[in-house]
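Below is one structure, written out as structure tokens; comments come after it.
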Amino acid sequence: MTSRFPASMDFAGYNAPSRIECDIYDLVVEGTLPDELEGSWYRSVPDPQYPPFLGDDTFLSGDGMVSRFRFEHGHVDLRQRYVQTARFKAERAARRSLFGRYRNPYTDDPSVRGVDRGANNTTPIWHGGRLLALKEDSRAVELDPHTLETRGPWDYQGQLRSQTMTAHTRADFDTGELYFFGYEAGGLATRDVAYCVADRNGRLLREEWFEAPYCAMMHDFAVTKEHAIFPVFPTTSDLTRLKAGGPHWIWEPDKDSFVGIMPRDGKVKDLRWFRGPPRSAYHFMNAYTEGNKVHLDFGCGKVNPCPFIREATGIQVRPEEMAGAFVRWTFDLSKPGERFEETVLGPGGDMPRAADKDAMKDYQVGYYQTFDPTLGPPLIAGPVGAGFNTILRLEVRSGKLMSFHPDGASTVQEHFHVPSQTPGHEGYLGFIVDRHAESLSELFILEAQHIEKGPVARVKVPLRLRVGVHGNWIPAAAV
Ligand SMILES: [Fe+2]
């Protein structure tokens with residue numbers, strides 16, 4: 001290779017590109033894997049195959065790599081493959097990177113003008129009998145669930161009009177429907193948002209468009225049994241800035257946050273917008289409707305946590321000013337006006353997830369990651385910089401917290417949840433532990449109800465797994 005990866009935070013240390021496609025059978029397991037773990041955990045990782053076109057870039061631009069941990073009769077096998085997007089193939093053919101700044105096609109090599117820029121590096125989901133690799137700036141790419149070979153772009157048999165599809169879809173596990181949206185649906189920096197529903201077979205049932213108050217990074221949304229919820233926070237884009245070669249995102253603290261709520265089976269003209277101070281959040285744990293009230297639970301910050309976005313804005317924020325809280329926003333649909341209520345449920349954090357059976361409903365327990373500064377100095381892992389070092393189990397009604405952290409020299413990645421067949425059993429959590437000293441990874445399995453007891457099994461991974469974005473557990477019987 002004629003150029004090297006930069007020594008910046010996004011490309012060095014534990015964040016160094018891995019670029020390893022592999023098949024490793026029978027990973028070494030310490031402890032005992034629960035018998036009920038029969039299935040696969042798929043996870044997506046940005047992992048650039050070539051050094052950045054413009055010398056430096058963000059972690060989030062990396063080519064999509066999908067890992068599959070297959071659990072079978074107490075054995076675990078690991079497979080990793082790149083998502084062979086048009087972008088990946090163009091760069092591989094040229095043996096160098098050709099795409100410029102994060103989500104700015106005006107900075108690309110002229111040879112790839114018009115080539116799909118999607119890296120599909122954020123979330124693998126299983127729906128309608130298809131494994132889809134998603135990233136919010138583009139449409140889905142379908143993968144073979146067994147081999148991880150790329151089958152090609154997926155646009156709902158040509159039915160999807162939106163140019164984008166969120167990496168945070170919401171499945172209704174009772175009906176099998178998939179709720180999703182696309183922002184910048186009509187093109188770069190547009191306010192167009194497409195609200196979509198697919199049936200259990202992956203057939204597009206609905207696609208309706210509306211305009212957000214401004215063009216924002218709408219990373220996630222939430223759905224209850226009765227409502228769809230579209231939060232809009234002031235991380236914003238602008239076409240003129242993009243055409244000048246500027247950053248896709250800046251943080252605009254002078255703008256308000258908005259939350260649009262509509263009946264989930266209604267029309268987008270029924271969207272009602274609530275309004276609050278500038279806030280930042282990437283992910284929502286859960287939401288549910290209770291009479292006239294809609295509750296939305298999530299880790300809420302006061303500024304965008306991604307350094308590349310804050311730097312683009314030119315703002316300096318001390319880490320202690322960034323820490324937010326885990327909150328519930330409650331919207332009373334029976335009252336007029338734009339206001340809503342906030343209740344603090346726990347310490348700040350991200351990557352929240354409740355059990356699938358609780359999605360969209362009143363629920364008791366959720367899990368998320370946090371950084372506990374008392375455990376040691378931050379370790380660089382992932383796009384935000386400091387990686388999480390602690391996983392929390394939160395009882396949302398009482399506020400009771402339990403926590404687990406491996407040690408002061410490790411960070412933890414996003415967890416997945418596996419339900420148990422045993423009545424009253426809360427199931428299991430699995431997540432990657434980043435061993436910074438050894439530059440190796442382990443997959444920990446914990447009993448969800450007793451995370452403070454530590455892992456029941458530790459799966460040794462003989463390589464460093466770059467910090468994944470999101471993953472999903474898919475039972476063996478489903479594939
Ligand atoms: Fe996300």
Side-chain angles (χ1 to χ4, degrees), residues 10 15 41-47 58-67 83 102-103 118-127 132-141 164-171 178-184 193 216-223 229-233 235 237 248-249 251 279-287 296-301 304-309 324 326 348-354 356 359 366-371 381-388 391 411-417 431-432 466-473:
D10 298 85
N15 275 351
W41 175 43
Y42 296 88
R43 65 191 276 279
S44 285
V45 191
D47 197 351
T58 160
F59 187 96
L60 299 173
S61 280
D63 294 287
M65 179 82 90
V66 172
S67 335
V83 183
Y102 182 70
R103 293 175 68 172
N120 297 77
N121 64 11
T122 310
T123 313
I125 65 160
W126 177 255
H127 186 257
L132 304 176
L134 303 174
K135 179 179 172 68
E136 66 197 37
D137 65 353
S138 46
R139 289 174 173 171
V141 167
T164 63
M165 178 174 175
T166 177
H168 289 284
T169 58
R170 295 279 170 181
L178 189 73
Y179 290 76
F180 63 95
F181 70 100
Y183 73 88
E184 300 189 34
V193 180
M217 177 200 281
M218 293 172 65
H219 185 69
D220 191 3
F221 82 139
V223 178
I229 307 165
F230 298 93
V232 177
F233 302 116
T235 295
S237 195
H248 194 101
W249 298 123
W251 168 250
R279 291 290 181 264
S280 177
Y282 277 85
H283 305 109
F284 305 100
M285 173 108 86
N286 202 1
L296 175 66
D297 297 353
F298 63 105
C300 182
N304 192 302
C306 276
F308 81 98
I309 293 169
F326 201 87
D350 201 6
M351 306 309 223
R353 179 179 289 238
D356 287 349
Y367 320 92
Y368 64 100
Q369 274 77 17
T370 192
F371 174 71
V384 171
F388 298 111
I391 182 162
T411 47
V412 297
Q413 301 187 18
E414 186 200 47
H415 60 281
F416 59 99
H417 175 261
F431 51 88
I432 297 294
R466 212 170 189 237
V467 176
V469 189
H470 300 294
N472 277 299
W473 171 263

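Numbering of ligands and ligand atoms starts at 1, following listing order.
Taking the six-membered ring for Trp and thresholds of 30 and 60 degrees, His283 and His219 have ring planes more than 60 degrees apart, a perpendicular arrangement. Note on ring orientation: taking the six-membered ring where Trp is involved, the planes of Phe416 and Trp473 are parallel (angle under 30°, cut-offs 30° and 60°).
Within the 3.5 Å criterion, the main-chain N or O of Phe308 finds no donor-acceptor partner in the side chain of Thr58. A donor-acceptor contact shorter than 3.5 Å links the side chain of Asp220 to the backbone of Phe284. Side chain of Arg279 to backbone of Phe233: no donor-acceptor contact under 3.5 angstrom is found.
Of all protein N/O/S atoms, those under 2.8 Å from the Fe ion (ligand 1) are His168 NE2, His219 NE2, His283 NE2, His470 NE2, and waters are not counted.
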Evaluate salt bridge (Lys or Arg N to Asp or Glu O under 4.0 Å) for Glu414 paired with Arg43, printing each intermediate quantity in order. CA-CA 9 Å; Glu414 186 200 47; Arg43 65 191 276 279; over 6 Å; no
